There are 2 protein chains.
Amino acid sequence: MSEAPHLTFDLDKPGISNGHLVVPKGVDCEALSLPVFSLNKGEGPRLLITGGCHGDELEGPIVARRLVEWLPEAQACGRVVIAPVLNPPAVMACSRNTPTDGLNLNRVFPGRSDGSVTERIADAVSHILLPCADIVFDLHSFGLAWDFPPSSTTHPIADPVLMAKTLQMAEAFQLPMTLVWEHPGSPGMFDTLAQKQGKTFVCAEFGGGTVSFDAIAIYEAGLRNALIALGLVEGKPEHPTFRHRKSTQTLETRRSSDELKSPARGIFEPRCSVLDEVKLGDIIGAVYPMDSLTAAAIYIRAPQTSIVYAIRSGTYVDVEEGVALVARPLNH
Amino acid sequence: MSEAPHLTFDLDKPGISNGHLVVPKGVDCEALSLPVFSLNKGEGPRLLITGGCHGDELEGPIVARRLVEWLPEAQACGRVVIAPVLNPPAVMACSRNTPTDGLNLNRVFPGRSDGSVTERIADAVSHILLPCADIVFDLHSFGLAWDFPPSSTTHPIADPVLMAKTLQMAEAFQLPMTLVWEHPGSPGMFDTLAQKQGKTFVCAEFGGGTVSFDAIAIYEAGLRNALIALGLVEGKPEHPTFRHRKSTQTLETRRSSDELKSPARGIFEPRCSVLDEVKLGDIIGAVYPMDSLTAAAIYIRAPQTSIVYAIRSGTYVDVEEGVALVARPLNH
């Protein structure tokens, strides 16, 4: 029989601890050791920060790794547990899903102790890391192929008290966008599991495109703002500057009607930038059929007054492939 | 016996022509029809513009396709032939190389009429498109995984007269960077073939990362500047604004010593931006080993005073994987 998932150190020990979350071996691979950092300063919020759930979203692991460097100087109270890379095989393959079993870690929670490697990671995180926190920040991004503003996000939550608390926490990042997106109804998401246990869970979607020096500075500022709001770190929150703007807005979006798809195969050209406001009929992008230069461009138009919050990089797209996502200001 | 590669229209016809370059079928696939546009206004420069040599560099096809729209209003003389997508199978696969035979189109020139599909494309381009021009602009980019400034580039050319002419043409784009990079010695490149025939060949490397609305505007401005310099289009050239700067500089780089590689496996964090000047020992990036959070970050440092012209997106990197490229001002 295989060993149970466990931490190699005691989370209740005061001060800094470093060790690993051991994910037991299975038939598909050996045991994994996920590095975990903990800084316990006694009374106060109990926060878990996770990154690297998807292997092609490296903003989270980098910002989490930087946090491990500066948190010891900054943390005033409470306990912060940091696991920068939840899915090492996916990160090493630069792949969204785990290569071994093809699974998306954020669709298999709470996992299975006797499952494939992705399910075993989810099981270890659910049973060992999640119980140690009342608040979770899970650091994601939109990957290389989309432009996306630095954001904190949540889904609609049935419990109005937890919804308000979660939204307030998300807005505390003070990133350019706070987004409430309609739950796509996918089972097995990390946030759903945490929310069922009454925890405050914010998913940071730290931008899209190239992970650059400038971008990392924005993400780090957002995370610092959230730590200040929790009282874990002292200081003054600051709106990070994103493409000349120091602003933040809270938007809501529905996955079904707010996803704009290409009606044809061809080369997609973005015709606007993220956070641009568009009116009904405005051109958001163009698709050029590839077989003839006399074939007219097909325009993707705004379905209503809205804000473009994600736009695909110029690339070849297939019929019904998503090219833009729009949202509207949230009334709250 | 297969048909020979050919154009479906007469390039010498005055005015606008649209048609295809037919790449004959072979044992590996059917014939390909590459869309070609020509605008013949008589006497003047004979220019060929090509894009989509690599299927994951879509800046070129988009700017070329836009040019097809506005050139008829703008062109004053000469002949411009535009082939926005040289390698349709690679573009449709969003892949640098052609999926069918795994070949890099820019390494198989002048191609082979009896070869695999990539070699047959090169053969058709070499024998049908290349002879129609004295000047060639081949539109490339650095792809999604690197940050790279909008640039025009060339390699050192043995003939000093052609070298000067080519450099002058490259600088006429007035993009943020004109780059002379030491030829990596790879056989089969399109520019080498054209230069052997005495032609002026400029390779545009239209940036890296996400192909955004703002980025496309810069590339289009650069191409327009070059057309104005040739007298093909009337107007005043303008320095495009790239990340707050309206400037241009000419740099030179050696592929061997100016490519900085990661000494270890881990997560790469860029610590500077493209076009930043660095001095000997300055930190350009950090690599975080993934197996422990107590393992110190490994710093990638500048080997001498230089300008960072390409930096890898934050991602997992292997030992000896390239993470940054540096250059120095060209004395000319």
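Naming convention: chains lettered A, B, ... in sequence-line order (proteins, then strands); numbering from 1 in each chain. Keep in mind it's a predicted model, so treat the numbers as computed, not measured.
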Margin query: Can you tell me which portion of Val85(B) sits under 4.5 Å from chain A's heavy atoms? Options are side chain, backbone, both or neither.
Written below: side chain
Checklist line | chain B contact via Ile216(A) - which portion, at a heavy-atom distance below 4.5 Å | finding: side chain
Next item on the list: Please state whether the side chain, the backbone, both or neither of Ala295(B) comes within less than 4.5 Å of a heavy atom of chain A.
Entry: backbone
Checklist line | Residue among Val36(A), Val91(A), Leu34(A), Val274(A) with most heavy-atom pairs under 4.5 Å to chain B | finding: Val91(A)
Next item on the list: Name the option with the most non-hydrogen atom pairs under 4.5 Å to chain B; the candidates are Gly209(A), Pro61(A), Cys94(A), Cys272(A).
Entry: Cys272(A)
Check: With respect to chain A, which residue among Ile82(B), Leu293(B), Ile62(B), Ile311(B) yields the maximal number of heavy-atom pairs within a distance under 4.5 Å?
Finding: Leu293(B)
Show the pairs of one donor and one acceptor atom, one from chain B and one from chain A, lying under 3.5 Å apart.
from	atom 1	to	atom 2	distance (Å)
His20(B)	NE2	Asp291(A)	O	2.7
Arg65(B)	NH2	Ala295(A)	O	2.8
Arg66(B)	NH1	Glu269(A)	OE2	2.4
Val211(B)	N	Ser313(A)	OG	2.8
Val211(B)	O	Gly314(A)	N	3.0
Asp214(B)	OD1	Ser273(A)	OG	3.4
Glu269(B)	OE2	Arg66(A)	NH1	2.5
Ser273(B)	OG	Asp214(A)	OD1	3.4
Asp291(B)	O	His20(A)	NE2	2.7
Ala295(B)	O	Arg65(A)	NH2	2.8
Ser313(B)	OG	Val211(A)	N	2.8
Gly314(B)	N	Val211(A)	O	3.1

Next item on the list: Considering non-hydrogen atoms only, spot the tightest contact between Gly314(B) and Leu58(A) and give its length.
Entry: O-CB, 3.5 Å
Notebook entry, point to check: Do Met290(A) and Pro88(B) have side-chain heavy atoms sitting under 4.5 Å apart?
Noted result: yes
Check: Does any heavy atom of chain B fall under 4.5 Å from the side chain of Val317(A), the backbone, both, or neither of them?
Finding: neither
